[in-house]
Amino acid sequence: MVQAKFSITEEQSEFLNKHRKYGFKDKSEIVRTALAHFQRALHDEEMSRSAALYAELYDADLDSQAWVNDAAQDWAE
């Protein structure tokens with residue numbers, strides 16, 4: 001694994017020092033887990049923005065709505 005050096009607040013340091021209380025084997029594991037959660041949250045937010053943009057484009061495109069509706073009529077229920 002790659003090592004990184006960064007600064008944190010005293011409060012964050014105190015939280016990291018309690019890593020075992022939260023079920024983490026070391027401070028690095030709790031930081032990796034927090035970063036993974038943050039990455040997923042950013043990805044989910046990006047996907048939501050993308051979906052909203054596609055929905056906006058679809059709402060403004062009557063031709064797309066027509067062919068989607070036509071295709072949906074033949075879709076097996």
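Throughout, numbering of the chain's residues begins at 1 and tracks the sequence. Computed over heavy atoms, backbone and side chain alike; hydrogens, waters and symmetry mates excluded.
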Please collect all side-chain hydrogen bond (donor to acceptor under 3.5 Å, both in side chains) contacts where either partner lies in residues 47-62, sequence neighbours excluded, each pair once.
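For residues 47-62, and leaving out neighbouring residues, the side-chain hydrogen bond (donor to acceptor under 3.5 Å, both in side chains) pairs sorted by first residue read Glu45-Arg49, Asp61-Ser64.
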Is there a path of hydrophobic side-chain contacts, each under 4.5 Å between heavy atoms of I/L/V/M/F/W/Y residues, joining Leu57 to Trp67?
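As far as the 4.5 Å side-chain criterion goes, Leu57 and Trp67 are not connected within one cluster.
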Any heavy-atom pair between the side chains of Gln65 and Val68 that's under 4.5 Å?
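No; the side chains remain at least 4.5 Å from each other.
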The criterion is side-chain contact (heavy atoms from CB on, under 4.5 Å); which residues satisfy it with Phe6, sequence neighbours excluded?
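With neighbours one apart ignored, the set is Ala4, Ile8, Val31.
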Go through the structure and list residues passing side-chain contact (heavy atoms from CB on, under 4.5 Å) with Asn17, not counting sequence neighbours.
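Partners of Asn17 under the side-chain contact (heavy atoms from CB on, under 4.5 Å) test: Ser13, Lys27.
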Could you state the interatomic distance from CG (Asp44) to CE (Met47), rounded to the nearest 0.5 Å?
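It is 8.5 Å, given to the nearest 0.5 Å.
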At what distance, to the nearest 0.5 angstrom, does CD of Gln39 lie from NE2 of His43?
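If I round to the nearest 0.5 Å, the distance is 10.5 Å.
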Checking Glu10 now: which residues fulfil salt bridge (charged side-chain N to carboxylate O under 4.0 Å, His left out) with it, not counting sequence neighbours?
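Applying salt bridge (charged side-chain N to carboxylate O under 4.0 Å, His left out) to Glu10 gives none.
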Is Phe38 isolated, or which residues cluster with it under the ILVMFWY side-chain rule of less than 4.5 Å, directly or via members?
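Result for Phe38 is Leu42.
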Should side-chain heavy atoms under 4.5 Å link Ile, Leu, Val, Met, Phe, Trp and Tyr, which residues sit in the same cluster as Met1?
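Members other than Met1 - counting any ILVMFWY side chain reachable under 4.5 Å - there are none.
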Just to verify, what does Gln12 make a side-chain hydrogen bond (donor to acceptor under 3.5 Å, both in side chains) with, not counting sequence neighbours?
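With neighbours one apart ignored, the set is Thr9.
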Can you pull the ring pair (Phe, Tyr, Trp, His ring centres under 6.0 Å) pairs that have at least one residue in residues 8-28, sequence neighbours excluded?
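Qualifying pairs, neighbours excluded: Phe15-Tyr22.
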According to the salt bridge (Lys or Arg N to Asp or Glu O under 4.0 Å) rule, which pairs have a member within residues 29-40, sequence neighbours left out?
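Not a single pair qualifies under salt bridge (Lys or Arg N to Asp or Glu O under 4.0 Å).
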